Amino acid sequence: MGSMFRSEEVALVQLFLPTAAAYACVSQLGELGLVEFRDLNASVSAFQRRFVVDVRRCEELEKTFTFLQEEVRQAGLTLPLPEGALPAPLPRDLLRIQEETDRLAQELRDVRGNRQALRAQLHQLQLHSAVLGQGHGPSLAASHTDGPLERTPLLQSSGGPHQDLRVNFVAGAVEPHKAAALERLLWRACHGFLIASFRDAEQQLEGPVTGEPATWVTFLISYWGEQIGQKIRKITDWSWVRRSTS
């Protein structure tokens, strides 16, 4: 009988097992928890041993199970705990489990990617709707309803140097903390040759990544001249602005 200062009596034995039955026998001995194995190949590195492929397979399975568990947790579901200790699967069962879990993980990755793409498209459409439904003053709204975008003439003259001078519009949405910087940058880059209107959106929109509601700022910029328009489009693209029309 063992005590605190002395272990139980043990016996040193040597087992000779056929290769086909070695996995099952060692697994059963491990389940008993009464055997301690000695390493007879201490000089051989871990990468040169026969079981390194099985260890790597188990590591990949652990990563896959962790991913599946996280997806189940995010879905608000709970997995029932197993009753008792689960025995180690046989090599052929391990391959089947690996194939099944890889298939499920790939399906979940595809579903998650499609969900993120749909959420981004929904967010983009909501921004477009917010921009179109937001009023930016009577003068801009009146000029906007006179005809298609970038088609309204600034001067109704039939000839002269201002024949091709037209009013163009760029509308979009930007995050609140970028609105002031965007307005200053537009004013400095275009030297005031534009009319910009910034207003908070009436409804909060969910972010495409976090899903948390946030208030966006819609803007409507009227300008004239192709060079000014190129500057405005470059600035809005660089500022990560969701532009709905240009």
Side-chain angles (χ1 to χ4, degrees), residues 74-75 109-246:
Q74 292 182 359
R109 290 188 182 96
D110 295 340
V111 170
R112 185 173 62 176
N114 295 334
R115 182 186 61 185
Q116 293 178 353
L118 291 175
R119 180 177 293 178
Q121 293 178 5
L122 177 61
H123 182 70
Q124 187 75 14
L125 293 176
Q126 289 176 343
L127 286 179
H128 287 185
S129 177
V131 171
L132 294 176
Q134 187 81 6
H136 285 268
S139 59
L140 294 179
S143 61
H144 179 72
T145 56
D146 288 340
L149 294 180
E150 301 189 359
R151 296 294 183 181
T152 306
L154 181 63
L155 299 177
Q156 301 292 340
S157 61
S158 58
H162 301 290
Q163 181 178 1
D164 297 331
L165 195 58
R166 299 178 183 273
V167 173
N168 305 318
F169 296 94
V170 171
V174 65
E175 295 177 90
H177 65 276
K178 297 181 180 179
L182 176 62
E183 187 174 5
R184 289 195 302 268
L185 184 59
L186 287 171
W187 185 262
R188 293 175 182 176
C190 301
H191 303 286
F193 290 97
L194 56 85
I195 301 176
S197 174
F198 289 80
R199 292 191 178 182
D200 293 338
E202 297 179 355
Q203 297 180 355
Q204 290 186 340
L205 303 178
E206 293 184 358
V209 179
T210 61
E212 298 180 356
T215 302
W216 285 66
V217 177
T218 61
F219 63 86
L220 180 62
I221 304 171
S222 62
Y223 64 93
W224 46 93
E226 184 60 29
Q227 294 182 354
I228 298 296
Q230 292 179 1
K231 288 184 179 180
I232 293 175
R233 284 188 287 269
K234 287 182 180 180
I235 291 173
T236 53
D237 290 339
W238 175 81
S239 301
W240 295 94
V241 174
R242 302 298 179 91
R243 208 174 56 226
S244 59
T245 58
S246 62

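Values reported hereafter were calculated over all heavy atoms of this structure, with side chains retained and with hydrogens, waters and symmetry mates removed. Please read all numbers here as calculations on a predicted model, not as lab measurements.
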Could you tell me whether the side chain of Thr218 and the main chain of Arg199 form a donor-acceptor pair under 3.5 Å?
yes
Please report the shortest heavy-atom distance between [X] and [Y], naming the atom on each side.
| X | Y | value |
| --- | --- | --- |
| Tyr223 | Val170 | CE2-CG2, 3.6 Å |
| Ile228 | Cys190 | CG2-SG, 3.9 Å |
| Pro176 | Val217 | CA-CG2, 3.8 Å |
| Leu194 | Trp187 | O-CZ3, 4.3 Å |
| Ala189 | Ile235 | CB-CD1, 3.6 Å |
| Trp216 | His123 | CZ2-NE2, 3.3 Å |

Taking side chain as C-beta onward, heavy atoms only, is Gln230 less than 4.5 Å from Glu226?
yes
Decide yes or no for Arg115 and Leu118: does some side-chain heavy atom of the first lie under 4.5 Å from some side-chain heavy atom of the second?
no
With rounding to the nearest 0.5 Å, note down the distance linking CD1 in Ile221 to CZ in Phe198.
5.0 Å
If you measure from OG on Ser197 to CD on Glu183, what distance do you get to the nearest 0.5 Å?
9.0 Å
